[in-house]
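This report refers to the structure that appears directly beneath it.
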Amino acid sequence: MTDELRWQKSSYSGDDSSCVYLAKSPGWQKSTYSDEASSCVYLAPSPTGTIHLRESDDPDVILTTTPARLGRLISRIKANGLTPTPDRADP
C-alpha cells in the first residue's frame, strides 16, 4: 500500500500563479476479498503511514491501524487463529 499523495488545487485559489494545493491520500479502495453483493471492507492509506478501514454498512465508523498489525490480523484470520465470540445482548 502506498502513501503517495494526490494534490488538489484549492477552490479558493484564483487563476494566477499564487495557488494553494491540498494533499489528499489515494482514497478508499474496496478490498479484493469483498464480494459485489455483500458488505464490503474499504481501506485507505494515510500520509502518516497508518491504514484506515471502514465497512460499507457503517461508513462513518473508521478504524485506524498500522500495516504490521493489519498484516498480523489477516494472517491469523487466514490460519483460522481467531476464536469467535458469541453475540451478546445489551442488558
Side-chain angles (χ1 to χ4, degrees):
M1 190 157 294
T2 178
D3 280 343
E4 182 179 323
L5 299 176
R6 292 182 296 155
W7 292 93
Q8 175 180 338
K9 182 179 170 182
S10 169
S11 59
Y12 291 100
S13 295
D15 291 332
D16 60 5
S17 63
S18 57
C19 299
V20 173
Y21 286 85
L22 306 169
K24 297 186 342 180
S25 67
W28 294 101
Q29 177 180 345
K30 186 168 91 170
S31 168
T32 57
Y33 291 98
S34 294
D35 293 330
E36 288 296 322
S38 68
S39 298
C40 300
V41 174
Y42 288 85
L43 298 104
S46 77
T48 62
T50 59
I51 298 174
H52 303 296
L53 298 106
R54 71 179 186 192
E55 200 259 333
S56 60
D57 287 344
D58 200 356
D60 292 332
V61 176
I62 298 171
L63 304 175
T64 302
T65 190
T66 64
R69 286 182 176 179
L70 181 59
R72 287 193 299 269
L73 174 64
I74 292 170
S75 293
R76 288 191 64 193
I77 291 170
K78 286 182 176 181
N80 292 321
L82 296 178
T83 305
T85 309
D87 291 342
R88 294 183 228 164
D90 290 335

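Shown here are the side-chain contact (heavy atoms from CB on, under 4.5 Å) partners of Asn80, two or more places apart in sequence or in another chain: there are none.
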Can you give each donor-acceptor pair under 3.5 Å made by side-chain atoms of residues 58-73, sequence neighbours left out, with the distance rounded to 0.1 Å?
| residue | atom | partner | partner atom | Å |
| --- | --- | --- | --- | --- |
| Thr64 | OG1 | His52 | ND1 | 3.0 |
| Thr66 | OG1 | Arg69 | N | 3.2 |

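Atom CH2 of Trp28 sits about 7.5 Å away from atom CG of Leu43, to the nearest 0.5 Å.
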